[in-house]
Amino acid sequence: MNNQMHPFHMVNESPWPILGSMAMFTMACGLATWMHHKTLTLLNLGLAATLLTSYQWWRDVVRESTFQGHHTTKVQMGLRYGMILFITSEVLFFFGFFWTFYFASTNPDHALGLQWPPKGIKPLNPINVPLLNTMILLASGMTVTWSHHSIMAGLKKNTSWSLLMTVILGLYFTLLQASEYYDTMFSISDGTYGATFFVATGFHGLHVMIGTTFLIICLMRQMNHHFTTKHYFGFEAAAWYWHFVDVVWIFLYASIYWWGS
């Protein structure tokens, strides 16, 4: 960095974007193969390649930011703008699911029995597991905020403990949602209701798992003293993502679980 006359990071050539794309394409093909032919070979290969590529790509970014000093103040500002745009795209992604749900629920046709929920569908009780999951995510939002303030104040022990609590709450949420799916009396093939329910909540669950992975990496980096009071964007991006996941769940709970039932 001492030999260049600008504060920007000129990224070196990397094999991970093309390899990551190939790995995810293989995983998508494996998912289709599993659905039609009940074989997991291609899916497992694609998943293993995706995880391996993600690990090595993450390792390179951590090295660039923490040990090589490439993430200057200017670079961090650009990364913040990029994260804001990414979360905006995720908002639009979920907006499509909510639009579909409200369109179908407010205009039920003859195929749905002219009512919502459709005839033959027994919706989940919003006071049981969904309410518990709501409280868990709200609590995780509080712990990740505690961690954020602790890292800015240089309180390393508080940062680690609050991050660990957030990870545990995220894993607990995923476990409860899996048990909820197991106990539902309908499936994704049960018309519009089943499709909108499982696609919307399923993609949210996937985002929770991704956010939990982000936070686990941040916890490992915190334990290795990678963050300072002035250099912690990796954690900040994960915290923003987690708050986004919390807000989406509140809308899901209020719309699909409560109003939609």
Side-chain angles (χ1 to χ4, degrees), residues 24 27-28 30-36 38-48 50-51 54-55 90 93-94 96-98 100-101 117 120-144 163-220 238-239 241-261:
M24 287 187 287
M27 187 166 59
L31 187 62
T33 304
W34 169 66
M35 290 179 178
H36 289 281
K38 305 302 180 184
T39 174
L40 290 171
T41 304
L42 193 60
L43 178 61
N44 290 335
L45 177 63
L47 180 61
T50 301
L51 292 175
S54 300
Y55 167 77
E90 292 283 73
F93 177 75
F94 277 98
F97 298 145
F98 284 109
T100 303
F101 172 78
I121 295 292
K122 183 180 180 181
L124 296 169
N125 188 346
I127 303 300
N128 292 337
V129 175
L131 181 59
L132 176 59
N133 264 344
T134 302
M135 302 307 296
I136 289 171
L137 272 191
L138 290 176
S140 71
M142 294 173 59
T143 55
V144 80
L163 252 180
L164 178 61
M165 291 170 62
T166 308
V167 168
I168 292 174
L169 289 170
L171 293 173
Y172 188 35
F173 175 92
T174 303
L175 179 63
L176 286 176
Q177 190 170 30
S179 66
E180 177 188 80
Y181 280 3
Y182 182 79
D183 292 333
T184 52
M185 304 299 291
F186 55 90
S187 68
I188 194 173
S189 60
D190 284 327
T192 306
Y193 186 89
T196 53
F197 175 86
F198 281 103
V199 170
T201 60
F203 269 112
H204 177 268
L206 177 63
H207 282 69
V208 169
M209 289 188 283
I210 294 172
T212 305
T213 304
F214 287 172
L215 293 173
I216 290 173
I217 298 298
C218 288
L219 177 60
M220 296 169 61
Y241 188 85
W242 195 254
H243 287 308
F244 160 75
V245 168
D246 286 350
V247 173
V248 170
W249 175 258
I250 292 173
F251 280 98
L252 279 174
Y253 177 75
S255 301
I256 295 180
Y257 285 98
W258 188 273
W259 183 84
S261 65

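Values in this document were obtained by computation on a predicted structure and should not be read as measured data.
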Can you tell me how far apart [atom1] ([X]) and [atom2] ([Y]) are? Round to the nearest 0.5 Å.
X	Y	atom1	atom2	answer
Tyr241	His207	OH	NE2	4.0 Å
Phe214	Leu219	CZ	CG	15.5 Å
Thr100	Phe98	OG1	CZ	11.0 Å
Leu176	Ile136	CG	CD1	4.5 Å
Ile250	Leu138	CD1	CG	5.0 Å
Phe94	Phe251	CZ	CZ	12.5 Å

Quick check: Tyr257 with Phe197 (ring centres under 6.0 Å apart)?
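Yes, they do, as the ring centres are separated by less than 6.0 Å.
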
Does the ring center of Phe173 lie less than 6.0 Å from the ring center of His204?
yes

Could you tell me whether a side-chain N or O of Asn44 sits under 3.5 Å from a main-chain N or O of Leu40, the two making a donor and an acceptor?
yes

Using modelled atom types only, decide if a donor and an acceptor are shared between the side chain of Glu90 and the backbone of Val245 within a distance under 3.5 Å.
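No, Glu90 side chain to Val245 backbone: no donor-acceptor pair under 3.5 Å.
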
Could you check if a side-chain atom of [X] sits within less than 4.5 angstrom of a side-chain atom of [Y], using non-hydrogen atoms only?
X	Y	value
Ile127	Trp258	yes
Leu132	Asn128	no
Leu131	Pro126	no
Leu137	Leu169	no
Thr192	Phe101	no
Leu124	Val129	no
Met27	Leu31	no

Taking CZ in Phe93 as the centre, count heavy atoms belonging to other residues, nucleotides or ligands within less than 6.0 Å. Is the count above 12?
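It does: Phe93 CZ has more than 12 such atoms within range.
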
Do other residues, nucleotides or ligands put more than 12 heavy atoms under 6.0 Å from Tyr172 OH?
no

Minimum heavy-atom distance [X]-[Y], with the two atoms named:
X	Y	result
Phe198	Ser187	CE1-C, 3.5 Å
Pro117	Pro123	CG-CG, 3.9 Å
Trp249	Thr134	NE1-OG1, 2.9 Å
Trp242	Ser140	NE1-OG, 2.8 Å
Ile256	Thr196	CD1-O, 4.3 Å
His243	Val144	CE1-CG1, 3.5 Å

Between Thr143 and the options Thr166, Leu215, Ile168, Leu163, the side chain to side chain contact (heavy atoms under 4.5 Å, CB included) test singles out Thr166

Between Thr39 and Trp34, is any side-chain donor less than 3.5 angstrom from a side-chain acceptor?
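Their side chains do not contain a donor-acceptor pair, so the 3.5 Å distance test is not met.
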
Given side-chain contact (heavy atoms from CB on, under 4.5 Å), test Leu171 with Thr212 step by step and report yes or no.
CA-CA 7 Å; Leu171 293 173; Thr212 305; 3.8 Å; yes

